[in-house]
Undergrad: 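I'd like to ask you about the structure that follows.
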Amino acid sequence: MPAFVPRHDQAQREAEALEFLHLYHAETGQPGLRQRQAALYRDGHLTLSTQELTFGARVAWRNSTRCVGRLPWQTLRVNDLRHVTDHDGVFTHLLAHLRGALNGGRILPTMSVFGPGVRIHNDQLIRYAGYRQPDGTVTGDPQNAALTEYLRGLGWPGGPGTPFDVLPLAIEAAGQVQLFELPPDAVHEVRIEHPTCPAIAGLGLRWHALPVISNMTLEVGGESFQAAPFNGWYLQTEIAARNLTDERRYDLLPAVAAALGLDTRTRRSLWVDRALLELNVAVLHSFDRDGVRIADHHAVTRQFRHFETLEARAGRSVRGRWSWLLPPMAPATTPLWDRAYDDTEVRPNFTAQQPAWQAARPGVCPFHH
């Protein structure tokens with residue numbers, strides 16, 4: 001596999017394409033390598049078939065050093081939508097992605113790859129607004145305050161001002177940006193309650209069921225696809241040990257501790273740990289209650305070790321970024337605690353995009369409800 005280095009010239013792109021063709025034909029056993037090489041040399045670039053794109057997207061997941069949930073990489077469904085390059089068409093297919101991937105709670109790993117000139121400015125398809133207040137506080141998710149201000153600058157009037165207002169999507173196509181409001185049936189949310197502490201339900205917490213990452217460029221065979229949103233399913237610590245609890249996010253541990261009746265006068269009482277544990281219990285309980293697929297940090301790390309075993313049998317090494325593979329809760333109890341990994345990035349893979357609000361602003365079209 002080619003090393004993950006910045007591209008500087010056409011020769012680098014062609015080298016990546018050649019490496020990818022060898023990888024694809026070696027792993028799939030498909031014939032026609034020489035014909036595909038000839039097409040590459042003739043055209044100077046690789047026009048991927050749907051089968052090649054699907055394989056490349058799956059390998060990009062397999063190569064993702066920050067993902068601990070790579071075991072089912074071969075099950076990724078890829079919607080080849082490279083012919084879709086208009087705002088309405090992109091939005092229609094994004095709604096189909098959200099509804100289809102949710103699959104009634106039995107979440108299916110899915111990616112939708114759109115054509116040239118398309119970009120989604122949101123970092124995930126479903127995000128909660130963060131409204132900066134005059135006193136410096138934020139209502140909602142502080143992580144999304146800059147995104148919220150950017151979308152309001154594009155014409156979004158704002159929501160009702162709750163901590164969980166769903167942001168519209170900013171879709172760029174042909175140099176123009178349009179905003180689209182997600183309908184409620186495309187945003188499946190889970191109400192958070194605890195199995196034995198009713199006061200936690202009284203906090204009014206919820207989280208959306210489907211994490212669809214939409215700000216990563218898919219790099220396959222020397223080609224770059226800016227609009228390739230993809231999803232797996234949540235790991236409970238992402239919600240309960242980060243999103244709802246980080247001091248720079250919702251910072252809800254004090255409220256959870258109060259609901260549990262814990263003594264918060266000193267951290268030596270370990271109220272932080274106890275509140276964190278019970279919020280994780282609540283998230284797992286709530287997703288299970290609603291029949292929505294979610295992983296826990298003990299199961300997913302054991303599955304990652306199985307993934308390593310399968311990769312070794314296939315003659316492949318597993319790369320990983322240890323600080324991302326370890327869960328933010330009870331890491332020493334997982335089988336990855338004493339492991340070491342090479343974190344060198346290789347392609348096919350994903351690259352992060354510069355946030356749209358930090359780049360030159362494209363043209364703006366009307367807001368669509």
Side-chain angles (χ1 to χ4, degrees), residues 1-7 16 19-20 22-24 26-27 54-78 107-111 123-124 143 211-221 224-225 228-243 246 280 293-353:
M1 274 176 253
F4 198 93
V5 296
R7 297 196 185 100
E16 287 183 19
E19 289 279 354
F20 174 74
H22 280 284
L23 180 69
Y24 171 75
E27 291 199 17
T54 297
F55 173 79
R58 289 171 175 173
V59 175
W61 185 10
R62 187 176 81 193
N63 289 340
S64 298
T65 60
R66 297 183 179 188
C67 180
V68 72
R70 284 179 261 171
L71 178 62
W73 66 273
Q74 296 180 80
T75 68
L76 179 68
R77 301 187 313 162
V78 178
I107 294 172
L108 300 172
T110 304
M111 176 184 290
D123 61 332
Q124 288 193 23
Q143 176 177 274
V212 187
I213 299 171
S214 51
N215 68 337
M216 303 289 283
T217 297
L218 173 65
E219 307 276 3
V220 176
S224 300
F225 304 95
F230 60 94
N231 71 272
W233 48 83
Y234 269 117
L235 176 60
Q236 109 280 355
T237 53
E238 295 178 271
I239 301 171
R242 298 304 306 272
N243 300 348
D246 280 0
N280 276 264
R293 190 172 192 175
I294 191 170
D296 69 80
H297 56 294
H298 294 296
V300 79
T301 50
R302 290 196 302 272
Q303 290 165 3
F304 189 81
R305 290 292 289 121
H306 184 51
F307 167 69
E308 290 185 80
T309 299
L310 295 179
E311 289 298 288
R313 289 176 185 170
R316 297 186 292 261
S317 60
V318 171
R319 293 174 172 82
R321 189 164 297 186
W322 188 79
S323 60
W324 279 74
L325 301 180
L326 266 289
M329 181 176 177
T333 67
T334 70
L336 306 186
W337 175 251
D338 59 352
R339 303 286 294 170
Y341 298 94
D342 176 5
D343 63 0
T344 303
E345 303 281 2
V346 297
R347 287 190 173 97
N349 213 314
F350 305 95
T351 56
Q353 299 171 4

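For the single chain, residues carry numbers from 1 onward in sequence order.
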Undergrad: What do you reckon, is CZ of Arg242 surrounded by more than 12 foreign heavy atoms closer than 6.0 Å?
TA: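 No, the 6.0 Å shell around CZ holds no more than 12 heavy atoms from other groups.
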Undergrad: Any side-chain heavy atom of Trp324 sitting closer than 4.5 Å to one from Cys67?
TA: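 Side chain of Trp324 against side chain of Cys67, heavy atoms only: no contact under 4.5 Å found.
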Undergrad: State whether a side-chain donor-acceptor pair under 3.5 Å links Gln236 with Asn280.
TA: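 Indeed, the side chains of Gln236 and Asn280 share at least one donor-acceptor pair under 3.5 Å.
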Undergrad: Flag yes if more than 12 heavy atoms outside His22 fall under 6.0 Å of its NE2 atom; otherwise flag no.
TA: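 It does: His22 NE2 has more than 12 such atoms within range.
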Undergrad: Can you find a pair of side-chain heavy atoms, one from His297 and one from Met329, that are under 4.5 Å apart?
TA: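 Contact flag for His297/Met329 side chains = yes.
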Undergrad: Does the side chain of Leu336 come within less than 4.5 Å of Glu308's, by heavy atoms?
TA: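 Heavy-atom side-chain distance check passes, below 4.5 Å.
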Undergrad: Could you tell me if the side chain of Val212 sits less than 4.5 Å from the side chain of Phe230, heavy atoms only?
TA: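 No, every pair of side-chain atoms sits at 4.5 Å or beyond.
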Undergrad: Kindly confirm or rule out a cation-pi arrangement of Arg293 over Trp233, judged by NZ or CZ under 6.0 Å from the six-membered ring centre and within 45° of its axis?
TA: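 Yes.
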Undergrad: Below 4.5 Å, heavy atoms only, C-beta onward: do Glu27 and Arg316 meet side chain to side chain?
TA: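 Yes, close enough: below the 4.5 Å cut-off.
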Undergrad: Treating Asn349 as the side-chain partner and Val346 as the backbone partner, does any N or O pair qualify as donor plus acceptor under 3.5 Å?
TA: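 Yes, the answer is positive, given that a donor and an acceptor are paired below the 3.5 Å cut-off.
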Undergrad: Apply the test side chain to side chain contact (heavy atoms under 4.5 Å, CB included) to residues Leu310 and Leu71: give CA-CA distance (whole Å), side-chain angles for both, the deciding distance (0.1 Å), then the verdict.
TA: CA-CA 9 Å; Leu310 295 179; Leu71 178 62; 3.9 Å; yes
Undergrad: Counting distance only, does the side-chain N/O of Asp343 pair as donor-acceptor with the main-chain N or O of Gly320 below 3.5 Å?
TA: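 Between the backbone of Gly320 and the side chain of Asp343 there is no qualifying donor-acceptor contact (under 3.5 Å).
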Undergrad: What's the shortest heavy-atom distance between Val59 and Pro348, and which atoms?
TA: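 Closest approach of Val59 to Pro348: CG1-CD, 3.8 Å.
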Undergrad: Would you say the side-chain atoms of Tyr24 and Glu19 include a donor-acceptor pair closer than 3.5 Å?
TA: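 Absent: no donor and acceptor within the cut-off.
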Undergrad: Please confirm whether the backbone N or O of Ala330 pairs with a side-chain atom of Thr334, one donor and one acceptor, at under 3.5 Å?
TA: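 It does not hold such a pair.
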Undergrad: About how many Å separate CD1 of Ile294 and CG of Leu235, when rounded to the nearest 0.5 Å?
TA: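 The CG atom of Leu235 sits 7.5 Å away from the CD1 atom of Ile294.
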Undergrad: Fit a plane to each ring of Phe304 and Phe307, take the angle between them on a 0 to 90° scale, and name the class: parallel (under 30°), tilted (30 to 60°) or perpendicular (over 60°).
TA: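 Phe304 and Phe307: tilted rings.
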Undergrad: Could you tell me the separation between the CZ atom of Arg347 and the OG atom of Ser224, rounded to the nearest 0.5 Å?
TA: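 Atom-to-atom, Arg347:CZ and Ser224:OG are 7.0 Å apart.
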Undergrad: Stepwise, does the side chain to side chain contact (heavy atoms under 4.5 Å, CB included) test hold for Met111 with Arg77?
TA: CA-CA 6 Å; Met111 176 184 290; Arg77 301 187 313 162; over 6 Å; no
Undergrad: Below 4.5 Å, heavy atoms only, C-beta onward: do Arg58 and Thr54 meet side chain to side chain?
TA: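 Answer yes - side chains close enough.
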Undergrad: Please give me the minimum heavy-atom distance between Pro327 and Thr301, naming the atom from each residue.
TA: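 Taking Pro327 first and Thr301 second, the nearest heavy atoms are CD-CG2, 4.2 Å.
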Undergrad: Side chains of Thr65 and Arg319: donor-acceptor distance under 3.5 Å anywhere?
TA: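 No - no donor-acceptor pair under 3.5 Å links their side chains.
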Undergrad: Tell me the closest heavy-atom pair linking Val300 and Gly69, and the distance in Å.
TA: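 Smallest heavy-atom distance, with atoms named: CG2-CA, 4.0 Å.
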Undergrad: Once side-chain hydrogen bond (donor to acceptor under 3.5 Å, both in side chains) is applied, do any residues pair with Asn215, and if so which ones, sequence neighbours excluded?
TA: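 Result, side-chain hydrogen bond (donor to acceptor under 3.5 Å, both in side chains) vs Asn215: none returned.
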Undergrad: With rounding to the nearest 0.5 angstrom, report the CD1 to OH distance, Ile239 to Tyr234.
TA: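 Separation between the atoms: 5.5 Å.
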Undergrad: Using side-chain heavy atoms (C-beta onward) and a distance below 4.5 Å, is Arg62 in contact with Glu311?
TA: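 SC-SC contact between Arg62 and Glu311 confirmed.
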Undergrad: Working to the nearest 0.5 angstrom, can you tell me the gap between Leu326 CG and Arg339 CZ?
TA: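 Between atom CG of Leu326 and atom CZ of Arg339 there are 12.0 Å.
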Undergrad: Restricting to salt bridge (charged side-chain N to carboxylate O under 4.0 Å, His left out), what partner residues turn up for Arg302, sequence neighbours left out?
TA: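 Listed in chain order: nothing, the list is empty.
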Undergrad: Test side chain to side chain contact (heavy atoms under 4.5 Å, CB included) on Phe55 and Val220 and set out the steps.
TA: CA-CA 9 Å; Phe55 173 79; Val220 176; over 6 Å; no
Undergrad: If we only count heavy atoms from C-beta on, is the Asn231 to Leu108 side-chain gap below 4.5 Å?
TA: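 A side-chain contact is absent here, since even the closest heavy-atom pair is not under 4.5 Å.
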Undergrad: Aromatic rings Trp322 and Trp337: how do their planes relate, parallel, tilted or perpendicular, breaks at 30° and 60°?
TA: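 Correct class here is tilted.
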Undergrad: Could you pull out the closest heavy-atom pair between Gly56 and Phe20, with the gap in Å?
TA: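 Taking every non-hydrogen atom into account, CA-CE1, 3.7 Å.
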Undergrad: About how many Å separate CD of Glu345 and OG1 of Thr351, when rounded to the nearest 0.5 Å?
TA: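 Nearest 0.5 Å value for the OG1-CD distance: 10.0 Å.
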Undergrad: Between Ile107 and Gly232, which heavy-atom pair has the shortest distance, and what is it?
TA: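 Taking every non-hydrogen atom into account, CG2-O, 3.2 Å.
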Undergrad: Any side-chain donor-acceptor pair under 3.5 Å between Gln124 and Ser214?
TA: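 Short answer, no.
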Undergrad: Using 0.5 Å steps for rounding, measure from the CZ atom of Arg70 to the CG atom of Asn63.
TA: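 So the CZ of Arg70 and the CG of Asn63 are separated by 7.5 Å.
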